[in-house]
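Given the structure is predicted, the values throughout are model-derived calculations rather than measurements.
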Amino acid sequence: MEIPKIVGAGIVVLGVGIGLGKIGAAALEAIARQPEQSGKIQTAMLIAAALIEGIGFAALFAA
């Protein structure tokens, strides 16, 4: 019964990593297009990243 938990944890970690990568890439692209809005974009990116990490931690500890 230990193997499914390990596989599930790996999937959670991969999902969080992909999500954070997409957020970072989108934020960098948005800042490159509109540098004057970099503060607002960065704030929104950090909030979204924190929410994704929180969901990832909750999923890891739920198993």
Side-chain angles (χ1 to χ4, degrees):
M1 210 54 189
E2 190 75 20
I3 299 294
K5 288 183 179 180
I6 294 171
V7 171
I11 292 171
V12 167
V13 170
L14 285 174
V16 169
I18 291 170
L20 290 175
K22 284 189 171 205
I23 287 175
L28 287 176
E29 185 177 335
I31 290 171
R33 289 179 186 224
Q34 295 181 339
E36 66 277 358
Q37 295 293 322
S38 64
K40 289 183 179 181
I41 294 168
Q42 190 174 18
T43 301
M45 178 195 69
L46 289 174
I47 291 170
L51 290 172
I52 288 176
E53 284 186 17
I55 291 170
F57 281 129
L60 282 176
F61 292 121

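- I41 approaches A27 most closely through the heavy-atom pair CG2-O, 3.9 Å.
- With rounding to the nearest 0.5 Å, the separation of CZ in R33 from CD1 in I31 is 13.0 Å.
- The distance from atom CG of L60 to atom CD of E53, rounded to the nearest 0.5 Å, is 11.5 Å.
- Closest approach of G24 and M45 over heavy atoms only: CA-SD, 4.2 Å.
- When hydrophobic clusters are built by joining Ile, Leu, Val, Met, Phe, Trp and Tyr residues whose side-chain heavy atoms come closer than 4.5 Å, directly or via intermediates, I3 is grouped together with I11.
- The two residues A48 and I23 make their nearest non-hydrogen contact at CB-CD1, 3.8 Å.
- Under the 4.5 Å side-chain heavy-atom criterion for Ile, Leu, Val, Met, Phe, Trp and Tyr, L20 and L46 are members of the same hydrophobic cluster.
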